[in-house]
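Step one of this worksheet: look at the structure below.
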Amino acid sequence: MLRVRFAPSPTGYLHIGSARTFIFNWLYARRNGGTMILRIDDTDVERNTQESLDSIYEGLRWLDLSWDEFYRQSERGELHRSAAETIFAKGLAYRDFTPAAVSEDEEKSHADGQWLFNPAMRELSKEESDRRAAAGEPFVLRFRVPRESRTEVTFQDLVYGAQSKATADIEDFALLRSSGVPTYHMASCADDADLRISHIIRGQDHLTNTFKHVLIFEALGVTPPNFAHLPLLIAPDGSKLSKRKHGPVVSVTTYRDAGFLPQAFINFVCLLGWSPKDDREVLSRQELVDAFSLEGINQSNATVNFTEQDPFDPKAVWFNAEHIRTMPQEQLAEQLLPFAAAAGFSPDRAKMKQVTPLIQERIRLLSDVKTTADIFFLDPLPPYDSAELIPQKGDAAMAATVLERARQVLETAEFRHETLDAALRAAAAELKVKTGQMFQPIRVAVCGRKVAPPLFETLEVLGRETTLKRIDEALRMLPAPLRTEN
RNA sequence: GGCGCUAUCGUCUAACGGUUAGGACGGAGCCCUCUCAAGGCUCAAAUACGGGUUCGAUUCCCGUUAGCGCUACCA
């Protein structure tokens, strides 16, 4: 039975790296008919926050990622303590009565002097240990790393291959804090054993911790699960992604609020450190499930290429644009609604459905609706420079002539883009101006700028009334003496 | 400092020990075209360095360098 878990600690918002870890676990479970478990690793009471927990749920809900079983470590303290008890009873752990390091110097001396264990504490007699404990003296419970009986700890990583580390290089790590609260290593392993996790898929920052975990599993009398460590996601400066240093750009909700599609986000992060080994890049959720395998995961860290000017990796934005383009229009219109409302447009569904096909291949983020669809929702148009009305190789007189003529045509023409196209082309021929010279003034009059969706489709959506009103306004902006009456 | 992991275009990546080292994003240019997009085509751009092994190394081994991680009574 294949069982995987995602075990975040609620000490910050769900960031892109954690999301990817969840996704890889989820993909592996769904691919192989396994069970996905969400376990909140909240043993560090000091740093846990409700906001963080909410952020994790919020992010996962947005991505529409589900789990089959749910646990909170804080509700499983008894299990962790009894597991520690078991290890202690087997003589594989000992009490360390050394007071916690308070000063930085003390900690540093540990680091410099390759601290492995305190011999006096490791070798304390059972009698004295029991006596001091009974007297109420505080202690941490440490794992007694075997140093004589074996020389190294090994395991096979499904991504990084055979791993080994000398027992002489592993320190006697803590299992229980002096408060009696289990440490991460203890709680995590006790839970992984109890929940019968078959594959631990997690960040590479845990690779060296795994030697300790193997020791714990063995001490518990359990065969260790399979391990698969993931290359880390790093910032362009080479440092590990962190909210502290990089701010909200690493938060999943930042992507959501900027107008990313969940599927595009998932697609993007999946290709950071994993490849389907063919040249496919734009993949649906189902295609990802079908293509996913641990063999496709590579070993080197991947950079999320954001900058201070642009918080999103250009490739992530491209993925989003790709997914927007292939999305059914009905769905896209629906997704666009809240972003249009946020832009202050007060859009209705029917109007949005008309506008959507005109902007679908012109937006990269859902929030781009604000800058590309404004002309359909705002009335009147924001002010613009009347010089924009003047066509290439033309002058204000030409602009005025063109607009006057267009106005006449549009007063009676049927507002369907095919007929508008034919009518206005004919008008251009009649006036002996190039089509570009004919269309550009109309476009600017109607959109307030030169860059816009195709003209005739735009007019069709805008309708006769708005179109004529905007042309009249443009005409008023042109110098009066140059206006040609007919 | 010790230990571990990693190293292909700017970025994400592909390449049974044999390829003109491939694809994508981004960049430049051309085409298409009512503007913008989209689309099509083209160009620039990489095997960190040094030693081996081999008829032949991006690929295997060693070293150097660099980056990252762990080295807590954080996770």
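Per chain, numbering begins at 1; letters A, B, ... match sequence-line order. Fair warning: this is a prediction, and the values are worked out from it, not measured in the lab.
When each of A:Arg122, A:Arg142, A:Arg95 is checked for a salt bridge (charged side-chain N to carboxylate O under 4.0 Å, His left out) with A:Asp172, only A:Arg122 meets the rule. Screening A:Val4, A:Asn25, A:Leu230, A:Thr210 for a side-chain contact (heavy atoms from CB on, under 4.5 Å) with A:Arg202, the sole residue that qualifies is A:Thr210.
Using C1' as the reference atom, B:rA28 and B:rU65 are 34 Å apart when rounded to the nearest Å. If you take atom P in B:rU42 and the same atom in B:rU13, they sit 26 Å apart, rounded to whole Å. Taking atom P on both nucleotides, B:rA24 is separated from B:rC41 by 9 Å, rounded to a whole Å. Using atom C1' as the reference point in both B:rC9 and B:rC25, the two lie 12 Å apart (nearest Å). Taking the C1' atoms as reference points, B:rC61 lies 43 Å from B:rC73, given to the whole Å. When the C1' atom is used for both B:rA66 and B:rA48, the distance is 8 Å, rounded to whole Å. B:rU35 and B:rC30 are spaced 15 Å apart, taking the P atom of each and rounding to whole Å. On the C1' atoms, B:rC70 is 31 Å away from B:rG51, given to the nearest whole Å.
Distance from the side chain of A:Leu207 is smallest for B:rG4 among the nucleotides B:rC73, B:rG4, B:rG2.
Pairing for B:rC49 goes to B:rG63, judged as Watson-Crick or G-U wobble with the two contacts each under 3.5 Å. The partner of B:rC25 is B:rG10, by the rule that a Watson-Crick or G-U pair needs both atom distances under 3.5 Å. Pair assignment for B:rA15 gives none, since no Watson-Crick or G-U wobble pairing has each distance under 3.5 Å. Pair check for B:rG56 finds none; no Watson-Crick or G-U wobble contact set falls under 3.5 Å. Nucleotide B:rC68 is matched to B:rG4 when pairs are restricted to Watson-Crick or G-U wobble geometry with both distances under 3.5 angstrom. Under the Watson-Crick or G-U wobble criterion, with both distances below 3.5 Å, B:rU20 has no partner in any strand shown. The partner of B:rG39 is B:rC31, by the rule that a Watson-Crick or G-U pair needs both atom distances under 3.5 Å.
Between A:Phe319 and A:Phe265, the gap from one ring centroid to the other reaches at least 6.0 Å.
Summarising the local packing, CD of A:Glu418 is surrounded by more than 12 heavy atoms from other residues, nucleotides or ligands at distances under 6.0 Å.
In this structure, NE2 of A:His213 is placed 11 Å from C1' of B:rC70, rounded to the nearest angstrom. One atom, CD of A:Gln309, and another, C1' of B:rG26, lie 15 Å apart when rounded to the nearest Å. Rounded to whole Å, the distance from CD1 on A:Ile170 to P on B:rG69 is 20 Å. Nucleotide B:rG2 holds its C1' atom 9 Å from the NZ atom of A:Lys165, rounded to whole Å. In this structure, A:Leu230 atom CG and B:rU6 atom P are separated by 14 Å, rounded to whole Å. Between the CZ atom of A:Arg95 and the P atom of B:rC73 there is a distance of 18 Å, given to the nearest Å. To the nearest angstrom, P of B:rG4 lies 12 Å from CZ of A:Phe155. Atom CG of A:Leu232 and atom C1' of B:rA7 are 15 Å apart (whole Å).
When heavy atoms are screened at a 4.0 angstrom cut-off, A:Gln163 is found touching the sugar-phosphate backbone but no base atom. The residue A:Ser178 sits close to a base: some heavy atom pair falls under 4.0 Å. At a threshold of 4.0 angstrom between heavy atoms, the contacts of A:Lys240 are confined to the sugar-phosphate backbone, with no base atom among them. Nucleic acid contact class of A:Ser18 (heavy atoms, under 4.0 Å, all strands): none. A:Thr11 comes within contact range of no nucleotide atom at all, as no heavy-atom separation falls under 4.0 Å. Note on A:His229: nothing from the nucleic acid sits closer than 4.0 angstrom, heavy atoms only.
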What string of B, S and - do you get for nucleotides 33-43 of chain B 5' to 3' if you count protein non-hydrogen atoms under 4.0 Å?
-> -BBBBSS----
List the protein contact pattern of nucleotides 8-21 of chain B with one symbol per nucleotide (5' to 3'): B for base contact, S for sugar-phosphate-only contact, - for none; contact means a heavy-atom distance under 4.0 Å.
-> ---SBSSS------
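Put simply, the side chain of A:Glu152 never gets that close to the backbone of A:Ser164: no donor and acceptor are under 3.5 Å apart. Judged by distance alone, with hydrogens and angles left aside, the side-chain atoms of A:Ser178 form no donor-acceptor pair with the main-chain N or O of A:Phe139 at under 3.5 Å.
Residues passing the side chain to side chain contact (heavy atoms under 4.5 Å, CB included) test with A:Gln329 are A:Thr356, A:Pro357, A:Gln360, sequence neighbours excluded.
Note: A:Phe24 and A:Phe292 have tilted aromatic rings, judged against thresholds of 30 and 60 degrees for the angle between ring planes.
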Let me see the working for A:His323 and A:Gln263 under side chain to side chain donor-acceptor pair (under 3.5 Å), right down to the final yes or no.
-> CA-CA 8 Å; A:His323 283 277; A:Gln263 179 51 38; 4.6 Å; no
Start with the C-alpha gap between A:Thr303 and A:Asn305, add the side-chain angles, then the distance that decides, and say whether side chain to side chain donor-acceptor pair (under 3.5 Å) holds.
-> CA-CA 6 Å; A:Thr303 310; A:Asn305 203 9; over 6 Å; no
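Between A:Thr49 and A:Tyr13 there is no side-chain heavy-atom pair separated by less than 4.5 Å.
Position along RNA chain B of the nearest nucleotide to A:Asp237 versus A:Ala162 favours A:Ala162 as the more 5'-ward residue.
Salt bridge absent: A:Asp313 and A:Lys315 never bring a charged side-chain N and a carboxylate O closer than 4.0 Å.
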